[in-house]
Structures are given as structure tokens and as C-alpha cells.
There are 2 protein chains.
Amino acid sequence: MSMKSKTMDRRIIKSKTALKEALLLLMQKKDFNQITITEIVRHADLNRGTFYKHYPFKEELLDEIMDDVIKDLIASYREPYQNVSTFILRDLTASAIKIFHHVEKYANFYVLVVKSNALSGFYKRIGNELKQLALQDLSTYKTEDPDLNRELSASYQSYAILGMIIEWINQGFKYSSTYMAEQLLKIIHLNPVEVKVSHPTDK
Amino acid sequence: MSMKSKTMDRRIIKSKTALKEALLLLMQKKDFNQITITEIVRHADLNRGTFYKHYPFKEELLDEIMDDVIKDLIASYREPYQNVSTFILRDLTASAIKIFHHVEKYANFYVLVVKSNALSGFYKRIGNELKQLALQDLSTYKTEDPDLNRELSASYQSYAILGMIIEWINQGFKYSSTYMAEQLLKIIHLNPVEVKVSHPTDK
DNA sequence: TAAGTTAATAAACATCTGTTCATTATATTT
DNA sequence: AAATATAATGAACAGATGTTTATTAACTTA
């Protein structure tokens with residue numbers, strides 16, 4: 001667990017770390033929803049009041065764990081730029097590869113969080129449904145590339161749409177659905193015709 | 001609220017509907033986390049035991065509300081196919097447009113769920129971070145199309161990657177990250193070079 | 001419509017939650 | 001090293017949770 005801040009009392013760091021470790025431990029065994037705060041502090045060997053001093057509820061603790069992971073994700077994404085002088089426009093590929101490495105590194109955590117219903121499902125549900133729909137399309141028509149992984153492709157396509165929807169929502173529906181459709185077309189066309197991947201120092 | 005099943009007792013339907021309406025009402029005013037089950041049944045004018053007869057916890061109730069919405073989403077996606085005889089391979093566009101209509105229809109609900117921390121953030125967080133990263137890239141280099149909405153494009157790209165990651169996780173990391181990167185390249189190349197959109201009976 | 005089935009209720013119980021407060025222990029600062 | 005600050009503790013409280021049990025009310029089907 002990262003947890004390092006100049007102005008942070010060592011006692012806080014210890015307490016928070018203990019709480020995070022306790023939660024992760026418990027999440028291996030049981031559902032996030034079933035875990036009680038009392039249980040967490042029992043495992044962390046801390047007073048219950050200490051929990052509430054730092055977090056209003058369980059979800060917040062999990063959020064902070066995610067912070068640690070996401071920090072590494074950002075670092076991973078940024079990594080390729082350091083080593084490559086020329087960057088191909090619109091090409092997220094080099095970064096994406098690093099992101100895959102990041103996920104692999106934190107595999108345990110990712111499995112835990114994705115499987116758990118801590119997310120309580122909206123994105124998960126929508127994403128899943130869209131994926132099923134895209135999948136059925138992909139299986140109906142055969143693509144020119146036999147090595148294409150249909151599952152991954154379907155997931156890519158459907159979450160991409162979900163991404164647009166979420167952006168739309170967050171912008172307060174200030175666009176018409178027709179505009180959204182137009183943008184989708186633009187985005188799809190935007191995709192790189194020629195992609196050059198940079199493989200910098202694959203450590 | 002939909003809620004219609006042949007074998008379902010009318011009392012169940014009434015109770016469940018009341019609970020759903022109560023939760024949605026409360027979610028307008030306060031955070032999902034702050035809402036107690038006692039509060040829900042108080043608004044629904046039902047015994048607390050009735051809640052527990054149908055749902056183990058709040059999240060499950062919200063899940064069922066989502067079911068109703070997602071049913072409509074699927075119907076929306078399927079709609080274009082009914083009216084169009086020839087379907088363009090790899091083209092999710094016609095369906096996607098219908099999905100935008102669906103989201104517009106349920107706008108209130110979508111806003112509620114996306115804003116609320118019922119999701120308790122993983123997808124949200126990851127998606128957001130990836131989006132910021134993609135956004136910075138897009139602003140660094142100017143695209144050929146000035147009408148392209150950068151925010152939407154960034155969200156599209158980042159959630160697409162997230163989609164692949166989630167699929168990867170759910171498959172138990174059975175692929176290498178190199179394979180993942182290869183697939184990403186394939187998927188990007190797969191994108192339709194010429195897109196024909198069918199606009200069937202835009203009701 | 002009457003009989004049989006099952007949902008909803010009320011009450012009660014142990015446990016968990018969220019909060020407060022005085023006290024003790026452990027940091028940081030000078 | 002002493003003074004100061006603040007984190008952690010333990011205890012206590014009202015309210016919420018999750019479960020059970022017997023009773024009443026509402027629905028289904030024959």
C-alpha cells in the first residue's frame with residue numbers, strides 16, 4: 001500500500017494501511033456487502049472509532065485503495081511518452097499496452113473488484129448487455145480476420161458506446177441524440193488507418 | 001415500472017413497485033449510501049420484513065430497477081434490425097443511435113445512477129482517469145476534423161480500452177498482455193472504412 | 001364461492017452503525 | 001527533552017440491520 005504524504009502522521013498511515021489490508025483480506029473470503037465495519041476493525045485490531053475518524057463508510061475505504069491502484073495506472077500510461085520522441089497522433093496503442101501491463105501487475109485486485117458487487121452494477125450491467133448484443137452481431141457475420149478475438153472486440157465496441165453515453169450524461173444531455181450519432185460516425189472514421197506501435201524498453 | 005410476470009402474485013408486484021418508487025424518490029433527495037432500508041419501507045408504507053422477503057440489501061433493489069431500464073435498452077438496440085433487411089457488417093451504428101434514444105428516454109434515471117455513488121466507483125474512476133489521459137493527447141495534437149467532439153472521443157477511446165480490460169479480467173487473464181495489445185491493433189483496423197447508416201422509422 | 005396458498009404484518013432479539021466524550025498513547029515541534 | 005498537538009481508545013447511546021416467529025390479510029385456483 002502506497003500511503004505516503006509529508007504532512008501525514010505516522011499513526012494515520014498505520015491505521016489506514018491496517019484497515020486497507022483488513023478489507024482486502026476479507027474481500028478474498030466474502031462479498032463486499034457482507035463485510036461489516038466492525039469486522040474490518042476487528043481484523044485490523046483497531047478501535048471502531050478510528051475507522052469513522054477516517055472514513056464515513058466502507059465504500060470510501062475501498063475508494064482509497066483504488067486510488068493507490070489508479071496512481072500506478074496513470075504512471076503506466078504516461079510511461080511510453082518518456083522514451084519515445086515522436087508520437088503518433090490518435091494512437092493510444094503504446095499507452096494501452098502499458099495499461100495492460102499495469103492490470104496484469106494488479107491482477108489480484110482487479111479480479112477482486114470486478115467480481116465483487118461493490119460496484120453494484122450499473123456500468124457492469126450495461127456494459128455486459130451491450131457486449132452480448134455486439135457479440136451476437138459479430139457471430140452472425142464472419143470477419144475477414146480469423147484471429148480476431150470476438151469477445152474482446154465486442155467488449156471494446158460496447159464499452160466505447162458506454163463511454164460516450166456516460167460523457168453525454170455527465171454533460172447534462174446538452175447534445176441531441178442525433179449529434180451523438182454523428183459524433184460516433186466521426187470517431188469511428190477517425191481511427192488510425194496506419195498504426196505504428198512503439199515498443200519502448202519493455203521492462 | 002414494468003413488473004409483469006405471469007406467475008407473480010399481485011401483492012408482490014405492488015410491494016416491489018412501491019419499494020422501487022420509494023427508492024427512486026429518496027435518491028432524488030439524498031445519496032444512495034445515506035438511504036436506509038427503514039426509510040425506504042417507511043416511504044413505501046410497508047413492513048420492513050417485506051423488504052427482506054424480496055431483497056437481501058438495498059443494492060439488490062436498485063439492481064432490479066436497472067433490469068427494467070436495461071430491458072428497454074435491449075429492445076432499442078434490436079429495433080433497427082426489424083426494419084432493415086441488409087445489415088452492414090461490423091456496423092453498430094444504427095443500433096447505437098437507437099441506444100442514444102433509449103438513454104434520452106430514461107434520462108432522469110441515468111443521471112441519478114451515474115451521479116450517485118451507488119456504483120462506488122471502480123469503472124467510474126478508471127473510466128474517468130483514462131478519459132483524462134486520452135483527452136490530454138487529443139488536445140496536444142489537432143485532428144483533421146474540427147467538428148470532432150474531443151470529450152466524446154476521449155470517452156469513447158478510454159471506455160473501449162476499459163471494456164477490453166474487463167473482458168480480460170472476466171476471462172481470468174488467460175491471455176498475455178502482448179496478445180491483448182495485438183488484439184487492440186486488430187480491432188482498431190477492423191473499424192469500418194465505409195459506414196452506411198440505416199435510419200429506419202425514426203419514431 | 002370456498003379451500004388452500006402465500007404475502008404482509010407486528011413484535012422481539014442480537015448485532016451493527018454512527019456519533020459523542022473523556023482519557024490515554026503517540027506523534028511532531030521548539 | 002519538554003511542551004504541544006493530535007491520533008487512538010473505551011464506553012455508552014439511539015437508531016438501523018438482519019432474522020425469526022406467530023398472526024392476519026390478500027390472492028389464486030378448483
Side-chain angles (χ1 to χ4, degrees), chain A residues 1-27 29-65 67 116-118 120, chain B residues 1-27 29-65 67-68 116-118 120-121:
Chain A
M1 220 99 298
S2 70
M3 272 291 76
K4 44 135 189 270
S5 180
K6 264 175 204 166
T7 47
M8 210 191 300
D9 197 304
R10 295 212 313 274
R11 288 168 294 181
I12 297 179
I13 296 170
K14 280 180 197 169
S15 296
K16 285 191 167 190
T17 305
L19 289 170
K20 287 177 192 179
E21 280 168 359
L23 177 56
L24 284 173
L25 190 78
L26 287 166
M27 280 178 75
K29 293 183 232 165
K30 46 157 78 180
D31 222 50
F32 182 78
N33 275 322
Q34 315 289 348
I35 298 168
T36 69
I37 292 168
T38 302
E39 220 170 349
I40 295 170
V41 295
R42 210 154 44 208
H43 272 80
D45 192 30
L46 289 171
N47 189 273
R48 201 158 54 83
T50 305
F51 178 94
Y52 286 107
K53 177 158 273 177
H54 300 300
Y55 310 101
F57 30 74
K58 287 185 298 175
E59 286 77 7
E60 201 83 348
L61 174 57
L62 186 60
D63 269 12
E64 207 167 287
I65 295 174
D67 279 337
S116 101
N117 57 354
S120 126
Chain B
M1 218 99 295
S2 71
M3 273 289 79
K4 42 130 191 273
S5 180
K6 265 177 204 166
T7 47
M8 210 193 294
D9 196 305
R10 295 215 311 275
R11 288 168 297 183
I12 298 178
I13 296 170
K14 280 179 198 170
S15 296
K16 285 191 164 187
T17 305
L19 289 169
K20 288 177 192 178
E21 280 168 359
L23 177 57
L24 285 173
L25 190 77
L26 287 166
M27 282 178 74
K29 293 182 233 166
K30 47 158 76 178
D31 223 50
F32 181 80
N33 275 323
Q34 313 291 346
I35 298 168
T36 69
I37 290 168
T38 303
E39 221 171 346
I40 296 171
V41 295
R42 209 154 45 210
H43 272 79
D45 192 30
L46 288 172
N47 190 273
R48 201 159 52 84
T50 305
F51 178 95
Y52 286 107
K53 178 158 274 177
H54 298 300
Y55 310 101
F57 31 70
K58 288 186 295 174
E59 286 77 8
E60 200 84 350
L61 173 57
L62 186 60
D63 268 12
E64 207 167 287
I65 295 174
D67 278 336
D68 300 339
S116 102
N117 58 357
S120 130

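Throughout, protein chains are lettered first and strands after them, A, B, ... in sequence-line order, and every chain is numbered starting at 1.
- Closest of all the heavy-atom pairs between Ala44(B) and Ala18(B) is CB-O, 3.7 Å.
- Lys58(B) NZ to Phe51(B) CZ: the interatomic distance, rounded to the nearest 0.5 Å, is 8.5 Å.
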Anything under 3.5 Å between a protein N or O and an N or O of nucleotides 1-3 of chain D, put it in a table, one pair a line.
none

Any chance you could list the contact pattern along nucleotides 8-21 of chain C? Use B for base contacts, S for sugar-phosphate-only contacts and - for none, protein heavy atoms under 4.0 Å, 5' to 3'. BSB-B---SBBB--
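- Rounded to an integer number of Å, the gap from Leu19(A) CG to dA7(D) P is 14 Å.
- With contacts defined as side-chain heavy-atom distances shorter than 4.5 Å, the pair Leu19(B)/Val41(B) qualifies.
- Inter-residue side-chain proximity for Asn33(A) and Glu60(B) is flagged as unmet; no heavy-atom pair is nearer than 4.5 Å.
- Separation of atoms CZ (Arg48(B)) and OG1 (Thr38(B)) is listed at 5.0 Å; rounding is to 0.5 Å.
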Hey, mind stepping through Tyr52(A) and Ile37(A) against side chain to side chain contact (heavy atoms under 4.5 Å, CB included) and telling me if it holds? CA-CA 9 Å; Tyr52(A) 286 107; Ile37(A) 292 168; 3.4 Å; yes
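- Rounding to the nearest 0.5 Å gives a distance of 8.0 Å between CG of Leu24(A) and CD of Glu21(A).
- Considering every non-hydrogen atom in both Ile40(A) and Ala22(A), the closest pair reads O-CB, 3.6 Å.
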Taking N or O atoms only and anything under 3.5 Å, show me the protein contacts with nucleotides 28-30 of chain D, one pair per line.
from	atom 1	to	atom 2	distance (Å)
dT28(D)	OP2	Arg10(B)	NH1	2.7

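- For the atom pair NE2 of His54(A) and CD of Glu64(A), the computed distance is 9.0 Å after rounding to the nearest 0.5 Å.
- The heavy-atom pair separating Glu39(A) from Gln34(A) by the smallest distance is OE1-O, 3.8 Å.
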